[in-house]
Amino acid sequence: MLSVSEAFSLVLNHSLVVSAESIPLTQAAGRVLREPLVADRDLPPFDRVSMDGIAIQYRAFANGQRRFPIIGTQFAGQPAQTLTNETACLEVMTGAMLPAGADAVIRYEDIQMVEGTAEIRLETIQLGQNIHHRAVDRKQNEELVPAGVRLGPAEMAVAASVGKTSVLVSKPPRIALISTGDELVDVSESPKPYQIRRSNTYLLQTVLQTTGAETALFHLPDDPLAMETELKTILADYDALVLSGGVSAGKADFVPTVMAKLGVNQVFHQVAQRPGKPFWFGASDTGKVAFGLPGNPVSTFLCAYRYLVPWLKGSIGLPVLPPSVAQLAQVVSFPPKLTYFLPVSLSVNPEGVWQAKPLPGSGSADYANLLHCNGFMELPPERSEFNESEAFPVYTFR
Ligand SMILES: Nc1nc2c(c(=O)[nH]1)N[C@H]1C(S)=C(S)[C@@H](COP(=O)(O)OP(=O)(O)OC[C@H]3O[C@@H](n4cnc5c(N)ncnc54)[C@H](O)[C@@H]3O)O[C@H]1N2
Ligand code: MOO
Ligand SMILES: [Mg+2]
């Protein structure tokens with residue numbers, strides 16, 4: 001049986017081909033850039049006054065002068081004036097161009113205004129003080145943001161400042177989230193004694209919210225012909241399918257055979273892990289990808305975080321980051337030769353180290369247990385005893 005890392009590599013090898021689209025900047029927050037953002041001018045584009053006050057020539061102050069006649073005012077949003085008299089000053093406002101001939105700005109707080117003159121009340125000043133010099137932040141034509149970065153607040157501010165009215169971003173992949181099973185009824189229905197309400201597609205939709213994918217929910221019965229008909233349409237309309245249920249050894253587990261009939265070939269079936277051992281994964285020659293996640297809700301949940309989310313991030317051009325690491329807060333025993341994804345509650349101890357408190361719950365159908373957890377700790381298959389304070393990777397979900 002495949003190991004978790006082998007299965008993960010195979011999943012990442014089948015990334016979606018996500019096309020790019022140009023959209024207005026006003027709609028681009030949260031999307032992934034597909035072009036670099038380049039400085040169209042120096043940043044800042046001119047010597048910018050950074051404090052309200054007066055602009056003088058430093059040499060006059062260095063020569064002992066303290067009282068400067070005010071010969072005008074330089075506001076922001078105006079072309080630069082000139083300090084025509086090197087022993088005079090201009091009042092200047094934050095954001096204004098530094099007047100030509102001036103090379104130091106003194107704050108209003110450090111001067112006293114007396115009858116049209118400004119008297120500086122400082123012992124020393126620096127050449128160039130309170131001036132945000134042209135190009136100190138970035139130079140014209142410098143790459144400010146590389147492609148493959150999500151447009152957060154800082155990136156949006158930079159995009160606006162370099163005049164990008166529209167930006168090239170990844171198109172959101174269209175993903176169908178499909179529950180399967182005759183025992184499952186809609187959330188609005190009253191289940192009969194042998195039925196339950198379906199929950200996995202709601203779980204999956206919430207997990208994928210952070211990726212910006214477009215999702216739609218479907219439900220299929222345990223009937224191979226009906227499944228085939230409906231899945232054919234869904235396959236044509238969506239880039240990827242995430243199914244839950246119907247992949248283990250039961251007489252009504254039809255997902256792998258139906259997918260194969262539709263040209264979605266098995267890449268693997270079963271991974272040496274708990275939960276989620278019956279995980280099925282396939283891809284078609286036309287570039288469609290399908291995840292057959294095991295139906296037990298904790299298995300669906302774990303597989304979504306461990307495989308689906310990194311796969312989707314990689315596909316849309318975001319970096320796939322390694323998991324964080326935490327210390328086990330108590331001894332854990334797990335004899336099967338499987339990678340064990342242990343539900344944990346994470347907290348930081350007084351030394352600033354992440355601690356993982358095991359909350360195994362009653363098994364992979366116990367989804368209510370996850371309400372108290374915020375991650376899965378990945379314990380390796382070749383060991384059966386895990387000591388307190390040993391560190392292992394954790395996949396967090398809160
Ligand atoms: N003989 C074997 N039986 C089972 C094996 C095995 O290896 N050999 N594996 C077990 C494991 S592990 C899991 S996990 C499950 C996976 O089963 P399936 O993927 O085939 O899923 P189903 O049989 O359709 O359902 C399993 C279970 O999950 C519930 N379920 C399914 N979908 C939803 C949903 N959308 N919302 C809520 N609950 C859902 C379903 O009612 C079943 O209780 O197989 C074991 N068996
Ligand atoms: O994946 Mo199953 O959920 O191990 O029970
Ligand atoms: Mg089954």
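Model, not experiment: these values are computed from the prediction. Every number for a ligand or one of its atoms is a count from 1 in the order of the listing. Sequential numbering from 1 along the given sequence is applied to the chain's residues.
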Q: Could you find the nearest protein heavy atom to atom 38 (N) of ligand 1 and give me its residue, atom name and distance?
A: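 Scanning the protein heavy atoms, the shortest distance from atom 38 (N) of ligand 1 goes to I196 CD1, 3.6 Å.
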
Q: Report the residue from V258, T257, V255 that forms a side chain to side chain contact (heavy atoms under 4.5 Å, CB included) with P224.
A: V258

Q: How long is the span from the CG atom in D103 to the CD atom in E86, to the nearest 0.5 Å?
A: 10.0 Å

Q: Quick check: does D253 get an N/O under 3.5 Å from an N/O on ligand 1?
A: yes

Q: Once the angle between the rings of F386 and F392 is folded into 0 to 90°, is it parallel (under 30°), tilted (30 to 60°) or perpendicular (over 60°)?
A: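 The arrangement is perpendicular - the two ring planes meet at more than 60°.
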
Q: With heavy-atom distances below 4.0 Å as the criterion, list the atoms of ligand 2 near K277.
A: 1 (O)

Q: Could you tell me whether the side chain of I196 reaches within less than 4.5 Å of the side chain of P191, counting heavy atoms only?
A: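 No, side chains not in contact.
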
Q: Go through ligand 1 atom by atom and flag the ones less than 4.0 Å from a non-hydrogen atom of S299.
A: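 Atoms satisfying the 4.0 Å criterion: 14 (S).
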
Q: Which of the atoms in ligand 2, numbered in the order shown and given with their element, are less than 4.0 Å from a heavy-atom of R274?
A: 4 (O)

Q: With atoms numbered from 1 as shown, which atoms in ligand 1 lie under 4.0 angstrom from a non-hydrogen atom of E183?
A: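 Under 4.0 Å from E183, ligand 1 has these atoms: 40 (C), 41 (O), 42 (C).
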
Q: In terms of relative ring orientation, are F334 and Y340 parallel, tilted or perpendicular, with 30° and 60° separating the classes?
A: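 F334 and Y340: parallel rings.
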
Q: Give the residue and atom name of whichever protein heavy atom lies nearest to atom 6 (C) of ligand 1, and the separation in Å to one decimal.
A: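 Its nearest protein heavy-atom neighbour is S248 CB, 4.6 Å.
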
Q: Cut-off 3.5 Å, side chains only: do E91 and Y108 have a donor facing an acceptor?
A: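 Y108 and E91 do have a side-chain donor-acceptor pair below 3.5 Å.
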
Q: For P275, counting its heavy atoms only, list the atoms of ligand 2 lying under 4.0 Å from any of them.
A: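 Matching atoms, with element in brackets: 1 (O), 3 (O), 4 (O).
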
Q: Check whether F61 forms a cation-pi arrangement with R66 (NZ or CZ under 6.0 Å from the six-membered ring centre, at most 45° off the ring normal).
A: yes

Q: List ligand 1 atoms under 4.0 Å from G246, heavy atoms only on the residue side.
A: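 What qualifies from ligand 1 is 18 (P), 19 (O), 20 (O), 21 (O), 22 (P), 24 (O).
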
Q: Ignoring hydrogens, tell whether any protein atom lies closer than 4.0 Å to atom 34 (C) of ligand 1; use the non-hydrogen atoms only.
A: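 Given the 4.0 Å limit, the answer for atom 34 (C) of ligand 1 is yes, a protein heavy atom qualifies.
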
Q: Mind checking whether L308 and L204 have side chains closer than 4.5 Å, heavy atoms only?
A: yes

Q: Working to the nearest 0.5 angstrom, can you tell me the gap between K164 NZ and S22 OG?
A: 7.5 Å

Q: When F279 is tested against each of V4, V271, L2 for side chain to side chain contact (heavy atoms under 4.5 Å, CB included), which residue passes?
A: V271

Q: To the nearest 0.5 Å, what is the distance between CD on Q270 and CH2 on W280?
A: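 Answer for the CD-CH2 pair, Q270 versus W280, is 13.5 Å.
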
Q: Can you list the atoms of ligand 2 that are under 4.0 Å from a heavy atom of N296?
A: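 Counting from 1, the qualifying ligand atoms are 3 (O), 5 (O).
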
Q: Using distance alone, determine whether R198 and ligand 1 share an N or O pair under 3.5 Å.
A: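 Looking only at distances, the answer is no, because the N/O contact criterion of under 3.5 Å is not met.
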
Q: Looking only at non-hydrogen atoms, which of S244, A252, G295 approaches atom 16 (C) of ligand 1 most closely?
A: G295

Q: Could you list the atoms of ligand 1 found under 4.0 angstrom from a heavy atom of N200?
A: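 Listed by number with element, the hits are 32 (N), 33 (C), 34 (C), 35 (N), 36 (N), 39 (C).
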
Q: Ignoring hydrogens, tell whether any protein atom lies closer than 4.0 Å to atom 3 (N) of ligand 1; use the non-hydrogen atoms only.
A: no

Q: So for atom CG, which belongs to D285, do other residues, nucleotides or ligands contribute more than 12 heavy atoms lying within a distance under 6.0 Å?
A: no

Q: With a 4.0 Å cut-off on heavy atoms, does G250 reach ligand 1?
A: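 False for this residue.
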
Q: Do T94 and D52 have a side chain donor and acceptor closer than 3.5 Å?
A: yes

Q: Would you say the side chain of P336 lies within less than 4.5 Å of the side chain of R274, judging by non-hydrogen atoms?
A: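 Side chain of R274 against side chain of P336, heavy atoms only: contact under 4.5 Å found.
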
Q: Specify the protein heavy atom at minimum distance from atom 1 (N) of ligand 1: its residue, its atom name, and the distance to 0.1 Å.
A: A249 CB, 3.8 Å

Q: Hey, is ligand 1 close enough to L184 that some N/O pair sits below 3.5 Å?
A: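 For ligand 1, there is no N or O atom that lies under 3.5 Å from one belonging to L184.
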
Q: Any idea which protein heavy atom is nearest atom 3 (O) of ligand 2, and the distance to it?
A: S299 OG, 2.1 Å

Q: Is it the case that the ring center of F281 lies less than 6.0 angstrom away from the ring center of Y307?
A: no

Q: Is it the case that ligand 2 has an N or O less than 3.5 angstrom from some N or O of G276?
A: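 Yes, since at least one N or O of G276 sits under 3.5 Å from an N or O of ligand 2.
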
Q: Inspect the contact between R197 and D186 and indicate whether a charged nitrogen and a carboxylate oxygen are less than 4.0 angstrom apart.
A: no

Q: What protein N/O/S atoms lie closer than 2.8 Å to the Mg ion (ligand 3)?
A: S248 OG, D253 OD1, D253 OD2

Q: Among all protein heavy atoms in this structure, tell me which lies nearest to atom 15 (C) of ligand 1, with the distance rounded to 0.1 Å.
A: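 The closest heavy atom on the protein side is N296 ND2, 3.8 Å.
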
Q: Of the protein's non-hydrogen atoms, which lies at the shortest distance from atom 5 (O) of ligand 2, and what is that distance?
A: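 I find the closest protein heavy atom is S364 OG, 2.3 Å.
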
Q: Please state whether the rings of Y395 and F341 are parallel, tilted or perpendicular, taking 30° and 60° as the class boundaries.
A: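 Y395 and F341: perpendicular rings.
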
Q: Can you tell which of S199, S179, P278, G276 gets a heavy atom nearest to atom 11 (C) of ligand 1?
A: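 Nearest heavy atom to atom 11 (C) of ligand 1 lies in P278.
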
